[in-house]
Structure formats: structure tokens, C-alpha cells
There are 2 protein chains.
Amino acid sequence: MRIGELAQKSGVSRDTIRFYERNGLITSTDEDSETNSYRNYKDDCLVWLQFFTGAREAGMSVADLRSIVEATAESCDRDLARAVVQRKIEELKERADQIGKVIQFLENALSGSK
Amino acid sequence: MRIGELAQKSGVSRDTIRFYERNGLITSTDEDSETNSYRNYKDDCLVWLQFFTGAREAGMSVADLRSIVEATAESCDRDLARAVVQRKIEELKERADQIGKVIQFLENALSGSK
DNA sequence: AAAAACAATAGACCTTTGTCCACGGTTTGA
DNA sequence: TCAAACCGTGGACAAAGGTCTATTGTTTTT
């Protein structure tokens, strides 16, 4: 599929898709190298983009995402991928904990101000 | 206390404290307006700064923090403050949920790649 | 075939969140 | 008293994450 379709389906703007691509988060092929230079995306790009959107909301950086994408590439060591992803999971859990603490603080503030 | 002491106690740099102050997160008084223009901070600034640090780690923006600070100011309506803080708590919970989803996705990816 | 819609690239621009620096005053300890 | 340590201001700089525009080329639609 072309970028417009992918953008529409994923809810991620064309510019952002190209930005992600420049940053190694997704890849495309040239759909027809003789006539145009349009990017062509496989269906799994859509899944990735949806993941990226959620992950960004969860506070992961583009660099984080790239390291996951890279580690899980076909060519890569399965154990390495596992380690990288495991590490990111740990970081996410820490962040979730931190959020919990902040919620606590705010709830205390609320009840303390009664 | 002066900015250096506050910085040292809070672990927040002087520059960042001034930055926060410019952005309405904390306030100071002029310790001795005749001789110098040094800022003077009350003890509760330390508590705020510690909260800010945790909240930033949790993904809250400086603007978020400012709205909390403003709403909870003495002069403000108690109910308004409650509403603002409640809203921020909701947002934090949403973020925590989002993190949970991302963790799920990553764990699936891990077990799916076996 | 002509217009409308879509795509590519390069580069400018924007916001957020700080950090660093230079320059000039103020305090403080030896 | 004199240097070291501290403080203030203003402004430059930076990195991240996009967004927008201009220009040009390709498809599609009518």
C-alpha cells in the first residue's frame, strides 16, 4: 500500500510516517522503480505504526522504538531481541510505578486539603 | 533558603529551578531588596520540586504541573482545585493503562517469537 | 488531455524542556 | 581586604518529535 492509505488506516500523518522511516522505524520498498519513486508498505507496517502510537503515548522515545525494531529484525539474534525487549518492559514497569506514586501524592493532596 | 541550597537539597539544578520559576511552578521572594536581588525560597518549595521531579518522570508536562500549582493556590476555589487534580489523576491512570497495553504487546511479541 | 489527487525531497519552522555562557553584582571565609 | 563562591539576567544552543511549505513529478479521474 502507498503512504496515503497507510496514513489513513493508521491515523499517523504522512509526514510522521516519513519521519519514522527516516529514523529507521519502518521500511518501504519502491513500488515501481522505473516509473516513480513512491514508497510501498507491507501490511505489517500498519501493525507497527499502531504499536508506535501506543508506545509513544506510554512515553517511549523514537530511539526506544528503533532499538526494538532493530533487535527484532529477522536478521537478528533471537536472544538479543529478547533481552532488549525485556529491558524495555522493565523500564515501562518502572514508569508505571512512578505514575502510581504520583497518583498517590495527588490523592493525598486531595484528601489532605479537606 | 537561597537557590543553591534548594538546588542541592532537591537535586534540581539552579538553572532548572529558575526555569520552573519563570514558568510559574514555584515562587520566591526577594530576600533583601535593598542590598541584593537574591531569590529566597520557603521550605515547601523543596516539597514541590520533589513532586515535580517525580511527576516529570511519570510523563507530566510542565504545563500540567503549572495547572496543578495554579489551581491549588491559596486564592483558588477548593472545588476547582479538586477538579483539576482529579482530572490529572485520570490522565495518569490512562497513561498507566496505556503502559500496560504496551507491556502486553511486547510480552506477546516475546512469547510469539519462540 | 486536463485537472485533481497523490507522492517525493529538502529544508524551514515550531514547541518543549532544559543547559550553558558571559558579564556583572554580592557574600563570605581566610 | 581579596579571592572564592554565589547569585542575577539575558540570550544562545540543543535535542526530540514533529509539522508545514515549496517545488516537482506521477497517477487518476473526468
Side-chain angles (χ1 to χ4, degrees), chain A residues 1-42 45 48-69 88 91 95 98 102, chain B residues 1-42 45 48-69 88 91 95 98 102:
Chain A
M1 95 189 94
R2 305 221 272 230
I3 198 170
E5 188 181 350
L6 182 59
Q8 176 264 307
K9 284 185 178 163
S10 65
V12 175
S13 80
R14 287 160 223 254
D15 276 333
T16 300
I17 291 173
R18 285 188 283 246
F19 170 75
Y20 283 170
E21 189 164 356
R22 268 202 306 289
N23 284 279
L25 266 52
I26 48 177
T27 50
S28 62
T29 54
D30 283 355
E31 79 169 15
D32 185 0
S33 53
E34 290 311 308
T35 59
N36 67 39
S37 57
Y38 291 3
R39 291 172 173 82
N40 198 285
Y41 298 96
K42 284 189 295 179
C45 285
W48 276 113
L49 282 178
Q50 283 160 349
F51 166 67
F52 295 155
T53 302
R56 295 278 308 120
E57 273 170 37
M60 297 185 82
S61 69
V62 169
D64 285 336
L65 298 179
R66 185 175 48 238
S67 73
I68 289 176
V69 168
K88 292 303 166 193
E91 289 173 12
R95 184 179 295 258
Q98 188 54 43
V102 173
Chain B
M1 87 190 102
R2 305 220 275 229
I3 198 169
E5 188 181 351
L6 182 58
Q8 176 264 307
K9 284 185 179 164
S10 65
V12 176
S13 80
R14 292 176 173 87
D15 276 333
T16 300
I17 291 173
R18 285 189 283 246
F19 170 75
Y20 283 171
E21 190 163 355
R22 267 202 307 289
N23 284 279
L25 265 54
I26 47 175
T27 50
S28 63
T29 53
D30 282 355
E31 80 168 12
D32 185 358
S33 53
E34 290 312 306
T35 60
N36 68 39
S37 56
Y38 291 2
R39 292 172 174 82
N40 197 284
Y41 298 96
K42 284 188 295 180
C45 285
W48 276 113
L49 282 178
Q50 284 160 348
F51 165 65
F52 295 155
T53 302
R56 296 279 307 120
E57 274 171 38
M60 297 184 83
S61 70
V62 170
D64 285 336
L65 298 179
R66 185 174 49 237
S67 73
I68 289 177
V69 168
K88 292 303 166 196
E91 289 174 12
R95 185 179 295 258
Q98 189 54 45
V102 173

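Below, chains carry the letters A, B, ... as their sequence lines are ordered, and counting in each starts from 1. Please read all numbers here as calculations on a predicted model, not as lab measurements.
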Rounding to an integer number of Å, can you tell me how far [X] [atom1] sits from [N] [atom2]?
| X | N | atom1 | atom2 | value |
| --- | --- | --- | --- | --- |
| B:N23 | C:dT15 | CG | P | 14 Å |
| A:D64 | D:dA15 | CG | P | 18 Å |
| B:R22 | C:dT19 | CZ | C1' | 11 Å |
| B:R39 | C:dG25 | CZ | C1' | 14 Å |
| A:R2 | D:dT28 | CZ | C1' | 9 Å |
| A:F52 | D:dG17 | CZ | C1' | 14 Å |
| B:I3 | D:dC6 | CD1 | C1' | 11 Å |
| A:E5 | D:dT27 | CD | C1' | 15 Å |

* Do B:V69 and B:W48 have side chains that get closer than 4.5 Å, going by heavy atoms? -> yes
* Asked: Is the closest side-chain heavy-atom distance between B:L65 and B:Y20 below 4.5 Å?
  -> no
Would you say a side-chain N or O of [X] is under 4.0 Å from OP1 or OP2 of [N]?
| X | N | answer |
| --- | --- | --- |
| A:T16 | D:dT19 | yes |
| B:R56 | C:dT17 | yes |
| A:T35 | D:dT27 | yes |
| A:R66 | D:dG17 | no |
| A:N36 | D:dT27 | yes |
| B:S13 | C:dG18 | no |
| A:R18 | C:dC6 | no |

* Earlier contact from the 5' end, DNA chain D, for B:N40 and A:D15 -> B:N40
* To do: Name the residue closer to the 5' end of DNA chain D, choosing between A:Y38 and A:F19 according to the nucleotide with the nearest heavy atom.
  => A:F19
* To do: Can you figure out which of C:dT17, D:dC6, D:dT28 approaches the side chain of B:R14 most closely?
  => D:dC6
* **Gap between atom CD1 of A:I26 and atom CZ of A:R18 - 0.5 Å precision** => 11.0 Å
* Between the side-chain atoms of A:Y20 and the base atoms of D:dG18, is any donor-acceptor pair under 3.5 Å? -> no
* Carboxylate-amine/guanidinium proximity below 4.0 Å for B:K88 and B:E91 -> yes
* **Check: A:L6 main-chain N/O paired with A:R2 side-chain donor or acceptor under 3.5 Å** => no
